[in-house]
Participant: 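This is the structure I have questions about; it appears just below.
Just so you know, ligand 1 is whichever comes first in the structure, and atom 1 is the first atom listed for that ligand.
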Amino acid sequence: MSLVVIGTVAFDSVKTPHGIREEALGGSATYFAVAASFFTSVRMLAVVGEDFPEDRLAELGRRDIDTSGILRIPGRTFRWKGEYGEDLNEARTLETHLNVLQEFDPVLPDSYRDARLLFLANIDPVLQAKVQSQVKAPDLVAADTMNFWIEGKRDELVSTLKDVDLLVINDGEARMLAGESSLPKAARKIREMGPRSVIVKRGEYGVALYGPDGTFAAPAFPVEDVFDPTGAGDSFAGGMMGYLARVGEINDTTLRQAMVCGSVMASFNIEDFSMDRMWKLTRGEVDERCRQFQALTRYDLPGTLG
Ligand code: AMP
């Protein structure tokens, strides 16, 4: 199944307890596409400025990533600066410079319009809606968002969500969007806004799916040294959607498998700064961690059950 993502391509400056990285390659669409490319080919729609090095785009193109939808326009590339304290589950945004994002008017190349799977990665919800309206007949539209847009463009976001099938969102942001501290209740309220299903990402505590077939939860793969959590959520979504595109079928079984693939890709991504771990990652390592993940979650029912 063909997969398209719209989102940000960024320069990230990040501080974690393991160190500092300035102006590293980041962005929601970039993390998503790199993770998805381990499972399928993926077409990216994004914008960069004149300062974005050509060889970075070429690096993405060497993977199974179509970068022909990445526009270069006058101005500076989107920049994000954040830091993590001892609680690595929560990024603290220090600076957001939208730069060329403010001029971005996304037009899907013709070759992208027949996408069967569309991922609206974290970006202005107005741009998410514009892209969605250009895809002819997608089987699944999934989306992500963050506090920046929930606070700054709430009405636009709520309008975009009406046509989204699956929202993939952090626990804190699910609570903020729904105005509800209980996650199951927050998920129900979000589902009432449009999405048939909601996946809540809970950092090191794993992910939970709330949907028409009930609830499914998976732990996060235990990683001893988290170097940089940036992009974990986007890598999760990339692994998940990439897997669905590869198997070509969306049902409760494949969605659960997809969530494990997403968790595995996120667990690799956080082992180094920016995308450094992903550049070295092999398909064999991904397969092996999927097997370890199964062992992590398999158990027999207690023998005392009647
Ligand atoms: P996450 O997977 O949630 O850790 O996403 C991290 C990525 O989101 C970083 O690479 C940032 O460049 C990007 N990002 C940060 N703020 C925004 C924003 N307001 N809109 C879109 N992308 C953002």
Side-chain angles (χ1 to χ4, degrees), residues 5-16 21-36 44-49 52 56 60 76-84 87-102 104 106 119-128 131 142-154 156-157 160 167-174 176 199-204 207 220 226-241 262-263 265-278:
V5 59
I6 177 184
T8 51
V9 171
F11 287 120
D12 289 344
S13 296
V14 177
K15 185 176 173 197
T16 84
R21 192 61 77 84
E22 303 276 351
E23 302 261 307
L25 178 63
S28 56
T30 323
Y31 278 111
F32 177 96
V34 171
M44 270 176 93
L45 185 67
V47 67
V48 295
F52 197 81
R56 291 270 171 95
L60 294 173
R76 276 164 68 78
T77 299
F78 173 74
R79 277 168 171 76
W80 177 75
K81 186 171 187 177
E83 68 176 12
Y84 300 82
D87 178 3
L88 292 161
N89 295 316
E90 195 128 20
R92 202 160 72 85
T93 294
L94 301 175
E95 292 172 29
T96 302
H97 300 281
L98 295 175
N99 298 336
V100 288
L101 264 198
Q102 293 171 101
F104 186 29
F119 192 71
L120 308 170
N122 186 19
I123 197 168
D124 186 333
V126 174
L127 301 182
Q128 290 179 319
V131 168
D144 188 3
T145 192
M146 71 181 287
N147 47 15
F148 186 85
W149 303 114
I150 298 171
E151 283 165 353
K153 293 213 172 173
R154 190 186 173 85
E156 294 85 344
L157 176 62
T160 299
L167 182 67
V168 184
I169 189 168
N170 280 349
D171 48 358
E173 285 149 2
M176 180 188 272
I199 291 178
V200 179
K201 301 172 282 181
R202 295 160 54 237
E204 65 180 315
V207 283
V226 177
F227 270 78
D228 176 9
T230 312
D234 307 308
S235 307
F236 168 83
M240 181 189 78
M241 297 291 283
S263 302
M265 298 315 288
S267 74
F268 281 117
N269 183 65
I270 62 181
E271 288 179 351
D272 206 342
F273 280 90
S274 182
M275 262 149 267
D276 291 1
R277 179 66 178 102
M278 304 305 262

Participant: Do me a favour and list the nearest non-hydrogen protein atom to atom 7 (C) of ligand 1 with residue, atom name and distance?
Facilitator: Asp234 OD2, 3.6 Å
Participant: Does Phe78 come within less than 4.0 Å of ligand 1, judged by its heavy atoms?
Facilitator: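 Phe78: in contact with ligand 1 (<4.0 Å).
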Participant: Looking just at side-chain N and O atoms, do Ser274 and Asp276 make a donor-acceptor pair shorter than 3.5 Å?
Facilitator: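 Side chains of Ser274 and Asp276: no pair found under 3.5 Å.
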Participant: Do me a favour and list the nearest non-hydrogen protein atom to atom 21 (C) of ligand 1 with residue, atom name and distance?
Facilitator: Asn122 O, 3.0 Å
Participant: Side chain, backbone, both or neither: which applies to Thr8 and ligand 1 if a contact is any heavy-atom pair less than 4.0 Å apart?
Facilitator: side chain
Participant: For Glu90, look at atom CD and say whether over 12 heavy atoms of other residues, nucleotides or ligands are found less than 6.0 Å away.
Facilitator: no
Participant: Any N or O on Thr230 sitting closer than 3.5 Å to an N or O of ligand 1?
Facilitator: no
Participant: Below 4.0 angstrom from a heavy atom of Ala10, which ligand 1 atoms are there? Numbered from 1 as shown, please.
Facilitator: 12 (O)
Participant: Are any of the heavy atoms in Phe236 under 4.0 Å away from ligand 1?
Facilitator: no
Participant: Please name all residues satisfying ring-ring contact (aromatic ring centres under 6.0 Å, His included) with Tyr84, sequence neighbours left out, ordered by chain then number.
Facilitator: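 Checked Tyr84 against ring-ring contact (aromatic ring centres under 6.0 Å, His included); zero matches.
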Participant: Could you tell me which atoms of ligand 1, counted from 1 in the order shown, lie closer than 4.0 angstrom to a heavy atom of Phe148?
Facilitator: 19 (N)
Participant: Check ligand 1 against Tyr31 and write out every atom of the ligand that is under 4.0 Å from a heavy-atom position of the residue.
Facilitator: 10 (O)
Participant: Given that the side chain starts at C-beta and the backbone is N, CA, C, O, which of these parts of Ala91 lies under 4.0 Å from ligand 1, counting heavy atoms, or is it both or neither?
Facilitator: neither
Participant: Please work out whether any backbone atom (N, CA, C, O) or any side-chain heavy atom from C-beta onward of Asp12 is under 4.0 Å from ligand 1, and answer side chain, backbone, both or neither.
Facilitator: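 Under 4.0 Å from ligand 1, Asp12 contributes side-chain atoms alone.
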Participant: Give the atom numbers and elements of ligand 1 that come within less than 4.0 Å of a heavy atom of Gly233.
Facilitator: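 Ligand 1 atoms under the 4.0 Å threshold to Gly233: 2 (O).
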Participant: Tell me which protein heavy atom sits closest to atom 4 (O) of ligand 1, plus the residue, atom name and distance to 0.1 Å.
Facilitator: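 Answer for atom 4 (O) of ligand 1: Gly231 N, 2.7 Å.
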Participant: Provide the number and element of each atom of ligand 1 under 4.0 Å from a heavy atom of Ala232.
Facilitator: 2 (O), 4 (O)
Participant: According to the interplanar angle, ranging from 0 to 90°, do the rings of Phe227 and Phe273 count as parallel (below 30°), tilted (30 to 60°) or perpendicular (above 60°)?
Facilitator: perpendicular
Participant: May I ask you to check if ligand 1 and Gly26 share an N or O to N or O distance below 3.5 Å?
Facilitator: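 N/O-N/O distance under 3.5 Å: no.
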Participant: To the nearest 0.1 Å, how far is atom 17 (C) of ligand 1 from its closest protein heavy atom, and which atom is that?
Facilitator: Met146 SD, 3.3 Å
Participant: Below 4.5 Å, heavy atoms only, C-beta onward: do Leu25 and Phe11 meet side chain to side chain?
Facilitator: no
Participant: Using distance alone, decide if ligand 1 has a nitrogen or oxygen within less than 3.5 Å of any nitrogen or oxygen in Gly27.
Facilitator: yes
Participant: Test Asn122 against Trp149 for side chain to side chain donor-acceptor pair (under 3.5 Å), laying out the working first.
Facilitator: CA-CA 9 Å; Asn122 186 19; Trp149 303 114; 3.2 Å; yes
Participant: The test is side-chain contact (heavy atoms from CB on, under 4.5 Å); show your working for Leu60 and Thr30 and say whether it passes.
Facilitator: CA-CA 8 Å; Leu60 294 173; Thr30 323; 4.0 Å; yes
Participant: Could you tell me whether Lys153 atom NZ has more than 12 heavy atoms of other residues or ligands within 6.0 Å of it?
Facilitator: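 Buried by this count: over 12 neighbours within 6.0 Å.
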Participant: Under the 3.5 angstrom rule, does the side chain of Gln128 hit a backbone N or O of Asp144 as a donor-acceptor pair?
Facilitator: yes
Participant: Please test Asn269 against Arg277 for side-chain contact (heavy atoms from CB on, under 4.5 Å), starting from the C-alpha separation and ending with a verdict.
Facilitator: CA-CA 6 Å; Asn269 183 65; Arg277 179 66 178 102; 6.0 Å; no
Participant: How far is atom 20 (N) of ligand 1 from its nearest protein heavy atom, and which residue and atom is that?
Facilitator: Trp149 NE1, 3.1 Å
Participant: For Arg79, give me all partners under side-chain hydrogen bond (donor to acceptor under 3.5 Å, both in side chains), at least two apart in sequence or on another chain.
Facilitator: Glu23, Asp51
